[in-house]
Amino acid sequence: MGIKGLMKLLADNAPNGMKEQKFESYFGRKIAIDASMSIYQFLIVVGRSGTEMLTNEAGETTSHLVGMFSRTIRLLEAGIKPVYVFDGKPPDLKKQELAKRYSRREDATDDLAKATESGNKEDIEKFSKRTVKVTSQHNDDCKKLLRLMGVPAVEAPSEAEAQCAALCKAEKVYAVASEDMDSLTFGAPKFLRHLMDPSSKKIPVMEFDISKVLEGLELSMDQFIDLCILCGCDYCDSIRGIGPQTALKLVRQHGSMESILENINKERYQIPDDWPYEEARRLFKEPLVVTDDEQTELKWAAPDEEGLVNFLVKENGFNIDRVTKAIEKIKTAKNKSSQGRLESFFKPVSTSAPVKRKGTKCVLVSPSPVTKFKTLSLRSRPGVLGRLIFPSLELGSNYSVPLSRHFCFGI
DNA sequence: ACTCTGGGTCTAGACGTT
DNA sequence: TGACCCAGAGT
DNA sequence: AACGTCC
């Protein structure tokens, strides 16, 4: 998935379109997340050793539930309101790519069999991860878990990333969190990378702003899509000999794919036969997504405590103490953040810049750097107060700020 | 010198205890 | 799967 | 930081 070399291209050519942010600065934000991608990661890594995974009594895998449960709680505790978006039917153009993945999994399955035969532990470890596939069972399990947790899930008619971007465009969420750069190609106004990386280790959250990215590249959105197709996407081959640099140069020089195709040296650059760039372009520009309010209404409800105990403890062998504690965490987090963002809490703590607000929209052309916070103990530690404490709360049970982009942070 | 390619590598969650 | 490094080749 | 556990 993704666009080949786009990350580096943007870092080099549109650095102003991206900025480092603190995990904590997303308090009160609604964030769209590709569920299948998350599940895939969990299956690869959670509780795996060799081919062994976490399972319930029936022997069914529960790694995805463990992963999704703890991650979602972590997000809620940080005041983030996650929306998980599930994949629908992939577009036909993606069939080729999917076939490639399938055959790679087949190869890995063979390799795994060999490794098992010879008892090579490292190889078993390595190859078993490559055989991981997200099934509809996994998806259904997670949808059920989310419903019980009171966290919304959206069913994408096709690509989840496209649906995430659509939610963001419609201002139903503040941003899309993904590791997959084609979120930007789908036009997500704001895109977060490394949101889930534990702040423990290095990498900060990287926030991309598509309008600034385009500004930096000096391209229109349509041109950006053509650039991505040239770099290499899931929907069609790229042209041999054209990488990110050349792609950017060509798009800037000629302005559109049609013009590029008319003007480049066809001897040097072999255009594949039946190259469906127009359809690829359409899939990025007008992907199949749901937009009506009925299906995309996002509600964060109270957890179904009994349901969670039944599902996780009774059916899937979770430790009951862990589950009850987790439920308390959800409820606490919900109370703390139910008022939405308290902007006063997030404004820079120090000097200058009086925060402008009021007025229906305050367009933050340069989103005033949210630098310092009054407190930041989001990680609960063992003996010490494992609670979030927000001093500013005292000034305002009736100071409630509707959670949305109306107030600030518009584009 | 710059760029693309292909081959190889390594890695991928979250939490608590020590 | 991606991200990174490297060697090699083409421009 | 390294390690073991989660189910």
Novice: Looking only at the side chain of A:Arg101 (C-beta and beyond, no hydrogens), which of the listed nucleotides B:dC4, C:dT1, B:dA12 gets closest?
Specialist: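 Taking heavy atoms from C-beta onward, the closest nucleotide is C:dT1.
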Novice: Does A:Gln41 make a side-chain N or O approach to OP1 or OP2 of B:dA12 shorter than 4.0 Å?
Specialist: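 No, no such contact exists.
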Novice: Side chain of A:Met196, heavy atoms from C-beta onward: which of B:dA12, D:dC7, B:dA14 has the nearest atom to it?
Specialist: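 Among the listed nucleotides, the one closest to the side chain of A:Met196 is B:dA14.
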Novice: Work out how far the P atom of B:dC15 is from that of C:dT1, and round it to whole angstrom.
Specialist: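 To the nearest whole Å, 27 Å.
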Novice: Please determine whether a side-chain nitrogen or oxygen atom of A:Thr246 lies at a distance below 4.0 Å from atom OP1 or OP2 of B:dC4.
Specialist: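 For A:Thr246, the contact criterion (side-chain N or O under 4.0 Å from OP1 or OP2 of B:dC4) is met.
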Novice: Reckon A:Arg48 has a side-chain N or O less than 4.0 Å from the OP1 or OP2 of B:dT11?
Specialist: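 No, no such contact exists.
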Novice: Does A:Arg193 place a side-chain N or O at less than 4.0 Å from the phosphate oxygens OP1/OP2 of C:dA3?
Specialist: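 Checking C:dA3 against A:Arg193, a side-chain N or O does come within under 4.0 Å of OP1 or OP2.
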Novice: Check every strand shown and say whether A:Lys8 touches a base, only sugar-phosphate, or nothing at a heavy-atom separation below 4.0 Å.
Specialist: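 A:Lys8: no heavy atom of the nucleic acid under 4.0 Å.
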Novice: Of the listed nucleotides (B:dG13, C:dT1, B:dA12), which one gets closest to any side-chain atom of A:Arg104?
Specialist: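 My answer, after comparing the listed nucleotides, is C:dT1.
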Novice: Which nucleotide sits closest to the side chain of A:Met7: B:dA12, C:dA3, B:dG13?
Specialist: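 Minimum distance to the A:Met7 side chain belongs to C:dA3.
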Novice: Would you verify whether the NZ or CZ of A:Arg48 falls within 45 degrees of the ring axis of A:Phe42 while also being under 6.0 Å from that six-membered ring's centre?
Specialist: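 Ring-cation test returns no.
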Novice: Taking only the side-chain heavy atoms of A:Gln245 (C-beta and beyond), determine which of C:dA3, B:dT3, B:dG6 contains the nearest atom.
Specialist: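 Nearest nucleotide to the side chain: B:dT3.
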Novice: Nearest to the side chain of A:Arg322, which nucleotide is it out of B:dT3, B:dG13, D:dC7?
Specialist: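 Minimum distance to the A:Arg322 side chain belongs to D:dC7.
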Novice: Considering only B:dA14, B:dG13, D:dC7, which nucleotide approaches the side chain of A:Arg74 most closely?
Specialist: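 Nearest to the side chain of A:Arg74 among the choices is B:dA14.
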Novice: Please determine, for the side chain of A:Pro244, which listed nucleotide (D:dC7, B:dC4, B:dA12) has the closest atom?
Specialist: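 Shortest atom-to-atom distance from the side chain points to B:dC4.
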Novice: Quantified in whole Å, what is the C1' atom distance between nucleotide D:dT5 and nucleotide B:dG8?
Specialist: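 After rounding to an integer number of Å, I get 34 Å for this pair.
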Novice: D:dC7 and B:dG7: how far apart are their P atoms, nearest whole angstrom?
Specialist: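 Between the two P atoms, the distance is 43 Å.
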